[in-house]
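Values below: all heavy atoms of this structure, side chains included; hydrogens, waters and symmetry mates excluded.
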Amino acid sequence: MMTESIILMILVVTMSYLTLRSGRRGTALVLLPLLIVPGANVLGYGLAPYLDMLTTALGPEHWRLLFVLAALAVTMCVVGAISRNIKRKGFRRGYLFLCGGFSLVFSFLILVAEFPNL
């Protein structure tokens, strides 16, 4: 899921940049929580071999999964905090459902892809 994470990060940054250039700063910032889970996945791939040396109880695969789960928790907190600033109830629910749901599904797919390696 490393390739998918990098592609997703490129897409979200591109969408945020184009939205920012069109003058909608708030919309560009609302998209940024979608970077947390794929970013943690990429970071986990880079740091897991080094964190594996710290303890014998957890392997690099476990560290990567912990990175993804922690990123999911952070993403849900950030999405919840951002949704508090959305005034209209329908937009708030839509944002929570789309961004939170997408992050949840993407995290689940990462976990399922890594599960056979445990």
Side-chain angles (χ1 to χ4, degrees):
M1 292 294 290
M2 179 70 147
T3 307
E4 291 87 351
S5 295
I6 292 172
I7 290 171
L8 181 64
M9 289 173 60
I10 291 170
L11 286 174
V12 170
V13 168
T14 303
M15 287 187 321
S16 292
Y17 175 74
L18 293 175
T19 307
L20 187 62
R21 285 197 36 104
S22 69
R24 296 181 299 207
R25 193 181 95 212
T27 306
L29 293 176
V30 165
L31 292 173
L32 293 180
L34 293 175
L35 291 173
I36 297 173
V37 172
N41 190 30
V42 172
L43 187 66
Y45 269 95
L47 293 179
Y50 300 109
L51 293 173
D52 182 36
M53 296 179 207
L54 294 176
T55 179
T56 59
L58 297 174
E61 297 85 14
H62 298 105
W63 283 107
R64 284 196 297 265
L65 295 180
L66 286 174
F67 267 90
V68 171
L69 290 175
L72 179 63
V74 169
T75 301
M76 292 303 167
C77 291
V78 171
V79 166
I82 289 173
S83 71
R84 291 183 64 181
N85 294 329
I86 300 174
K87 304 289 186 250
R88 295 178 64 187
K89 194 175 193 179
F91 288 152
R92 185 180 325 123
R93 285 183 182 169
Y95 177 72
L96 285 170
F97 180 73
L98 288 176
C99 287
F102 179 79
S103 296
L104 182 67
V105 168
F106 192 68
S107 299
F108 178 75
L109 291 175
I110 292 171
L111 295 174
V112 167
E114 288 293 323
F115 190 68
N117 297 335
L118 295 178

Atom of [X], atom of [Y] and distance for their closest heavy-atom approach:
X: G59; Y: D52; value: CA-OD1, 3.5 Å
X: Y45; Y: P49; value: O-CD, 3.6 Å
X: S5; Y: V42; value: CB-CG2, 4.0 Å

Under a 4.5 Å side-chain heavy-atom rule over Ile, Leu, Val, Met, Phe, Trp and Tyr, are [X] and [Y] clustered together?
X: L47; Y: L54; value: yes
X: V105; Y: M1; value: yes
X: I36; Y: L31; value: no
X: L104; Y: L109; value: no
X: L35; Y: V68; value: yes

Next item on the list: Only pairs at least two apart or in different chains count here, so list each side-chain hydrogen bond (donor to acceptor under 3.5 Å, both in side chains) that has a residue in residues 97-106.
Entry: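 For residues 97-106, and leaving out neighbouring residues, there are no side-chain hydrogen bond (donor to acceptor under 3.5 Å, both in side chains) pairs at all.
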
To the nearest 0.5 Å, how far apart are [atom1] in [X] and [atom2] in [Y]?
X: F108; Y: F115; atom1: CZ; atom2: CZ; result: 10.5 Å
X: I110; Y: M2; atom1: CD1; atom2: CE; result: 10.5 Å
X: R93; Y: K89; atom1: CZ; atom2: NZ; result: 4.5 Å
X: R64; Y: L58; atom1: CZ; atom2: CG; result: 12.5 Å
X: T19; Y: M15; atom1: OG1; atom2: CE; result: 7.0 Å
X: N41; Y: M9; atom1: CG; atom2: CE; result: 9.5 Å

Check: Judged by atom type as modelled, is there a donor-acceptor pair below 3.5 Å linking the side chain of Y17 to the main-chain atoms of V12?
Finding: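 Here the side-chain-to-backbone pair does not exist.
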
Checklist line | Heavy-atom side-chain proximity of Y95 to P33 below 4.5 angstrom | finding: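 SC-SC contact between Y95 and P33 confirmed.
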
Next item on the list: Evaluate side-chain contact (heavy atoms from CB on, under 4.5 Å) for L111 paired with L69, printing each intermediate quantity in order.
Entry: CA-CA 9 Å; L111 295 174; L69 290 175; 3.7 Å; yes

Donor-acceptor pairs under 3.5 Å, side chain of residues 71-87 to any protein atom, not counting sequence neighbours: which ones?
residue, atom, partner, partner atom, Å
T75, OG1, A71, O, 2.7
S83, OG, V79, O, 3.4
S83, OG, G80, O, 2.8

Next item on the list: Take F67 and V37 through the test side-chain contact (heavy atoms from CB on, under 4.5 Å) and record every step on the way to the result.
Entry: CA-CA 9 Å; F67 267 90; V37 172; over 6 Å; no

Next item on the list: Among I10, L43, I6, L8, find the one that has a side-chain contact (heavy atoms from CB on, under 4.5 Å) with P38.
Entry: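 Exactly one candidate clears the test, L8.
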
